[in-house]
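Step one of this worksheet: look at the structure below.
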Amino acid sequence: MDEEDPKEYRWETGYEKTWEVIQEDDDGFLEASVADIIQKSKRKRQALKQGHAKLGMMRHLYIVIDCSDSMSGQDLKPTRLLCTVKLMEAFIEEFFDQNPISQLGIIIMHNKRAEKISELAGNGRKHAKAVKALNRTSLVGEPSLQNGLELALKSLKLLPSHASREILVVMGSLTTCDPTDINVTIENLKTEGVRCCVIGLAAEVHVCRHLANETGGTYNVILEDSHYKDLLFQNVDPPPAAVCLESSLIKMGFPHQMATEGTEDPLTMCMCHIDSADEGSKLTTGGYYCPQCNSKYCELPVECRSCGLTLVSAPHLARSYHHLFPAANYKELPYEHQSAICFACQKSFIADNDKQVYECNNCKKIFCTDCDMFIHDTLHTCPGCATNLATFQMSHSSQ
Amino acid sequence: MMMDLEGSTEKSADFTNTDETSLLVIIMDSNPAQRILRENPHVLTQCVDSVIAFANAHLMQKAQNKLAVMACHSKLSEFIYPGPGKQLDVRQIDGQYEVFTLVEKTIKQNLAKILTSETSTVITESLLAGAIAMALCYIHRINRIKAPGLKLNSRILVVTGSGDSASQYMNYMNVFFTAQKQNVVIDVCALDQHLSLLQQGCDITSGMYLRVPQMQGLLQYLLWVFLPEPPIRQKLVLPPPVKVDYRAACFCHRELIDIGYVCSVCLSIFCKFSPICTTCHTVFKIPSLGVKPKKKKLKI
Amino acid sequence: MVNVMKGILVKCDPAMKQFLLHLDETIKLGRKFIIQDLDESHLFISSDILDTLQAKIDDLMDQISFPIMEKTIN
Amino acid sequence: MAETAESSTNVTLIQPSNLECKNLYDYLKTRSSAVLEKLYNHPTICLAVYRELPELGRQYVIRILFVEQPVPQAVVASWGSQAYSKEHVYVSKVLTELSVWLESPIPGGLTGWILSSTFKRNLKIALLGGGKPWSMSSALEVDSKARDVSFLDSYSMERWECVLHYMVGSQQQEGISADAVRILIHAGLMKCDDVDGSSVITRQGFQFLLLDRQAQVWHFILHYLDTVENKGLDLAECLTFLFQLSFSTLGKDYSTEGMSNGLLVFLQHLREFGLVYQRKRKAGRFYPTRLALNITSSQSQALLEEDTPKGYIVVETNYRVYAYTDSNLQVALLGLFTELLYRFPNVIVGILTRDSIRQALKGGITAEQIIGYLKQHVHPQMLRGEAKQPLPPTVVDQIKLWELERNRLTYSEGVLYGQFLSQNDFNVLREFAHTNGHLIWCNRDKRTMVVSKAGHDDVKKFWKRYSKANSSPHNLTEA
């Protein structure tokens with residue numbers, strides 16, 4: 001499924017001895033070999049990341065979830081839907097952690113209809129709640145891919161041109177029941193620059209592949225639940241910017257907590273909870289004030305309700321910087337006693353266990369496999385470069 | 001006949017120790033170019049002694065507590081406890097607990113090694129963000145190899161007299177967010193100037209920030225504020241967290257701004273509208289004034 | 001006048017108490033044994049019946065518990 | 001330990017005495033302050049006591065460690081946050097009981113706390129240095145036959161299991177001295193059989209076997225210390241040495257030079273139980289083993305995986321228990337509460353059933369102990385799972401339910417007082433019984449109350465005195 005455009009079906013390709021990829025180690029265990037495969041694929045993806053210079057950072061993503069009859073299948077435990085809900089909750093959290101100034105919306109497809117269960121917004125908790133409520137949805141009828149896409153497109157269309165527009169479809173059904181020609185919808189998505197990714201839970205469906213190919217997205221079919229998670233979480237990283245994406249300067253407010261020395265903050269109401277039914281607005285001290293109209297909010301980031309200014313704090317922007325300036329990839333080298341210990345975690349290398357070590361091209365420090373993964377997955381800063389002023393400046397000028 | 005009556009033997013509330021282990025990584029800024037050290041080199045000895053006593057006090061809390069100490073300079077950061085290579089063979093010379101003697105000897109020896117190898121060129125900037133990055137890798141490894149089922153609280157204490165320069169901003173932010181994700185608390189003890197960036201790190205990871213008013217009482221300050229582990233802190237009255245200023249500084253003049261313009265491609269912040277982004281060289285379209293721009297059809 | 005009696009104070013849940021009352025009424029243990037019904041969770045009983053009573057209760061427990069699973073799987 | 005419980009006719013029905021595990025705090029708080037003061041002359045003991053303090057107490061002590069004057073009590077109280085004031089009271093009590101701090105007046109009429117000067121001085125020595133080296137750290141030449149950690153581990157395990165084997169009456173009966181047997185009997189873990197004079201294990205003994213190793217050693221050593229003075233050894237000296245051992249480094253050798261004769265005897269005892277290793281009695285050096293390290297911290301778990309002993313038990317949700325062991329001792333212990341099904345060279349398979357658990361409960365083992373034992377020896381694979389629970393919760397709950405089911409009735413022997421003539425008489429007697437802790441049940445409306453059997457005589461005497469004083473014809477009719 002990795003190839004973008006397979007010329008032939010799987011069963012038409014040459015005979016592959018897939019089991020020969022997996023090799024037993026000296027004790028007859030497979031674990032090491034499997035771990036190796038997973039790690040290689042991770043590194044492969046890591047290497048790809050470096051290429052994109054321009055990313056769509058202000059993401060507006062609609063998640064379209066199939067809630068048709070086919071989601072009650074039990075090939076994922078306990079059911080396809082419940083598994084999806086669980087993964088989706090984790091995904092939403094991770095999404096907002098990595099893309100704090102982006103927005104998300106959720107649409108479900110059931111009974112040939114599409115229904116928006118959560119509006120495009122930047123509050124992760126609200127979406128998580130909506131997704132959680134899906135547990136109780138009755139799974140009926142067939143999905144309509146077209147209705148789902150049209151509904152998403154309707155609100156994505158209205159966004160300013162600098163916004164990156166995306167749709168992520170989770171499809172459990174092998175069929176779609178559409179009112180008109182879906183190709184027209186796909187064409188519209190294409191012209192609006194909406195990137196559509198599809199994750200199939202059952203088997204490859206032509207229309208999904210067509211949709212993904214046309215709009216520059218990806219199409220994958222899951223193998224099992226951990227693969228599902230892997231595929232879903234690939235969507236956490238911002239995609240390369242669409243060709244038609246315009247660049248612009250966006251006006252933003254950076255509110256600060258009004259802390260005047262010596263005086264107690266007055267009790268005030270915040271705008272974010274003013275009309276929410278379940279947790280009504282309470283009088284509180286402190287909070288964030290819009291620098292333009294002085295409305296108060298208790299959380300950032302948020303779009304000011306009265307003047308429309310996007311309010312963020314500097315760390316929110318900083319959370320996204322690592323997508324733009326990732327740590328440079330390390331070079332994989334066979335271990336030949338380059339260094340006795342890993343530079344970062346101080347682990348002593350043992351020739352039998354550590355067959356590969358990793359070298360930073362810039363600071364020439366040697367790292368172990370685990371640190372290589374940790375640095376590129378989470379830390380996004382090379383400890384070697386960051387501790388020496390000479391390499392620190394070099395790594396910075398290259399950015 | 002013994003009778004167990006209901007309620008007669010009420011157990012005293014269980015305030016005893018929890019079964020948790022704490023890992024403390026101390027990052028000590030020993031860059032000789034710091035202002036306080038340039039003015040009075042003896043401060044370093046006092047500072048090192050205080051840090052060692054503090055480190056031992058941490059080990060004294062629980063038998064399972066773990067410690068690592070790093071020295072941070074402008075050109076290198078190194079673990080000075082546990083040092084690289086074999087640990088020293090230490091015999092007791094006085095009534096001090098053997099383990100504490102080992103900590104003291106190891107730190108002093110390794111620090112001396114680093115300081116003598118330091119070349120004379122004076123660079124005032126200590127790369128603390130890099131040291132924190134190393135500490136996080138170290139903590140990550142300990143978490144990986146720890147016994148399964150064990151609860152380990154990790155934290156990092158930075159003791160520094162240097163300033164925090166904006167050139168490290170991105171590295172700082174990366175390590176703060178990583179620490180937050182890994183549940184590592186970052187505590188900062190500023191010896192000289194106020195450190196606004198590191199203060200943000202404390203706020204993000206819910207650690208303590210303290211600027212020591214006078215060097216004489218350094219050990220007392222360390223013991224009072226930084227010795228209690230995060231789970232105990234809520235039981236003690238400690239300096240209240242100050243509100244941290246998260247306003248952004250514009251990339252053009254490095255001034256704090258309330259309202260600014262952000263490049264949609266690279267998220268650089270500017271205080272005024274400019275037609276081209278100085279960071280990523282993107283050309284912007286001129287903002288259409290008034291109402292929302294009408295959607296234009298675009299060719300591909 | 002104060003009446004004093006030796007015996008055993010039994011503390012139990014109301015359901016268990018009803019069972020004990022039933023045993024007492026129907027003379028299942030060969031004789032009456034409850035000296036006084038104190039409140040809904042306490043009874044005062046004669047001390048020499050204790051072993052018989054406990055055996056009876058163990059019987060009851062055995063009757064109302066089912067093996068959680070078949071031990072003999074293969 | 002109340003052996004008297006055994007004399008009653010219906011032992012199993014009235015709550016039996018359980019194994020009482022004292023920690024260092026429980027042990028020390030029963031000593032007089034003079035003894036404590038003497039003990040605090042040794043930095044090692046101060047260190048051990050400090051680590052045993054509640055966490056808030058440790059913070060208090062470290063805060064006033066460098067303060068020379070007494071600190072007002074109100075100031076100390078203000079260190080803790082309001083929500084935890086209960087804990088503050090408890091901590092103050094502990095620190096006072098252990099004579100770690102003392103009340104001291106402050107000019108101006110306030111009372112303050114000040115650390116015991118001996119404790120303060122010696123804790124500072126342990127932390128910062130100074131003073132005399134500990135008694136076992138004389139210089140030594142390099143041992144030509146140095147022993148590594150794995151050797152010491154297997155040695156200490158073998159020695160300790162010797163004791164345990166003896167308790168369960170397994171084959172190996174040699175290798176345990178008469179002294180050790182006496183300690184086991186003194187601790188109430190074993191008792192002499194009336195018939196043939198051989199020793200058999202008691203219910204406390206079984207409970208002891210289910211403890212984790214560290215707790216076993218500590219419990220055993222505590223009872224050993226009780227007998228130490230009869231042997232003509234100095235208790236303070238032995239305790240000090242024990243804690244020195246507990247703060248030593250594993251895999252390092254220490255010198256016996258300069259040790260008193262008493263200590264050398266003590267060392268030989270510790271050697272027998274595997275707390276220290278010595279090649280020869282007169283070797284002049286010894287190696288502490290893992291058993292001796294951190295002796296007071298019963299729950300300590302090593303940080304790194306490689307340092308923790310491997311668990312071997314897997315419990316499945318279907319109540320099956322798989323134990324990867326070939327040790328007869330471990331099999332015997334599991335057999336206490338599981339029904340063993342199969343035994344293979346390296347693994348045994350058993351099942352937890354209501355009957356098998358009830359058997360154990362009847363033997364005086366509690367559900368908590370069974371669960372604790374399973375948890376503590378659980379196979380590392382069980383800890384790695386996503387659930388983060390070493391045992392299936394259903395099994396844990398069921399074991400507890402099986403225990404509760406036995407406790408649906410609680411019996412307490414007592415005497416029923418009824419038919420009081422006046423409410424006042426009832427109130428007076430109730431008040432007396434209550435303040436003396438004899439009252440176990442009462443009902444004001446029915447004018448009825450139940451007094452514990454032990455308190456009956458007291459209450460009866462009081463009632464007679466009371467009725468005489470009131471010179472009214474209050475008869476006591478006893479049924």
Side-chain angles (χ1 to χ4, degrees), chain A residues 54-55 57-58 97 157-158 160-162 190-191 193 241 243-244 246-257 259 286 291-292 309 313-315 317-322 324-325 340-347 370-371 374-375 378-383 385-390 392 396, chain B residues 72 74-77 79 84 123 125 127 129-131 133-134 136-138 140-141 144 167-171 173-178 181-182 200 204 243 245-249 257-267 269-270 273-274 277 282-285 287 292-293 295-298 300:
Chain A
K54 221 171 146 188
L55 300 174
M57 295 304 295
M58 313 245 169
D97 185 61
K157 242 185 202 167
L158 303 173
S161 54
H162 59 77
K190 200 172 153 185
T191 42
V243 191
C244 63
E246 273 177 37
S247 326
S248 60
L249 275 179
I250 303 144
K251 196 172 170 190
M252 283 190 188
F254 299 94
H256 46 101
Q257 289 165 316
Q292 197 161 266
L309 189 68
S313 73
L317 296 178
R319 259 179 213 279
S320 306
Y321 284 157
H322 71 82
L324 300 160
F325 312 107
I341 55 167
C342 164
F343 177 79
C345 73
Q346 309 292 302
K347 176 181 132 168
D370 292 303
C371 282
F374 179 65
I375 289 165
T378 320
L379 194 55
H380 308 294
T381 294
C382 170
C385 301
T387 45
N388 188 340
L389 203 59
F392 171 66
H396 258 243
Chain B
C72 175
S74 58
K75 287 207 185 114
L76 83 169
S77 289
F79 278 86
I123 307 166
E125 188 174 3
L127 293 180
M134 276 176 83
L136 286 171
C137 287
Y138 180 79
H140 184 67
R141 175 171 76 100
R144 217 164 45 227
S167 64
Q168 292 183 70
Y169 182 78
M170 201 132 54
N171 286 346
M173 285 302 152
N174 281 337
V175 296
F176 294 159
F177 296 137
T178 307
K181 236 182 183 170
Q182 309 274 318
Q200 290 186 17
I204 291 171
K243 284 178 180 162
D245 193 354
Y246 277 122
R247 265 180 306 166
I257 49 170
D258 280 342
I259 296 180
Y261 295 88
V262 175
C263 166
S264 71
V265 178
C266 68
L267 304 181
I269 306 162
F270 303 98
F273 186 85
S274 71
C277 171
T282 309
V283 182
F284 302 123
K285 61 170 192 169
K292 252 189 184 141
K295 217 28 253 142
K296 280 177 284 183
K297 294 271 176 201
L298 289 150
I300 296 174

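Protein chains get the first letters and strands the later ones, always in sequence-line order, with residue 1 at the start of each. Side chains are part of it too, since the values below use all heavy atoms of this structure and drop only hydrogens, waters and symmetry mates.
- Of all heavy-atom pairs between A:S320 and B:L267, the closest is CB-CD1, 3.4 Å.
- Taking SG of B:C263 as the reference point, atom CD1 of A:I250 lies at 7.5 Å (rounded to 0.5 Å).
- When all heavy atoms are compared, the tightest approach of B:Y169 to A:A318 is OH-CB, 4.0 Å.
- When all heavy atoms of A:T378 and B:T178 are compared, the closest pair comes out as O-OG1, 3.3 Å.
- Each of B:Q200, B:M173, B:M134 has some count of heavy-atom pairs under 4.5 Å with chain A, and the biggest count is that of B:M134.
- Minimum interatomic distance between B:I259 and A:P291 (heavy atoms only, all atoms of both residues): CG1-CG, 3.7 Å.
- The closest side-chain heavy-atom distance from B:R141 to A:D370 is not below 4.5 Å.
- Ring-plane geometry between B:H140 and A:F374 is classed as parallel, the angle between the planes falling under 30 degrees on a 0 to 90 degree scale with a further cut at 60.
- The minimum heavy-atom distance between B:C137 and A:C345, with the atom names listed, is O-CB, 3.5 Å.
- To the nearest 0.5 Å, atom CG of residue B:N174 and atom CD1 of residue A:I375 are 11.5 Å apart.
- For the atom pair CZ (A:F343) and CG (B:L76), the distance works out to 7.5 Å, reported to the nearest 0.5 Å.
- To the nearest 0.5 Å, the span separating CD1 on B:I204 from CZ on A:R319 amounts to 6.5 Å.
- Distance check: B:N171 CG to A:T381 OG1 gives 4.0 Å after rounding to the nearest 0.5 Å.
- Closest heavy-atom contact between B:I257 and A:F254: O-CB, 3.8 Å.
- With rounding to the nearest 0.5 angstrom, the CG atom of A:L389 is 6.0 Å from the CD atom of B:E125.
- Residue B:F176: no heavy atom, backbone or side chain, is found under 4.5 Å from chain A.
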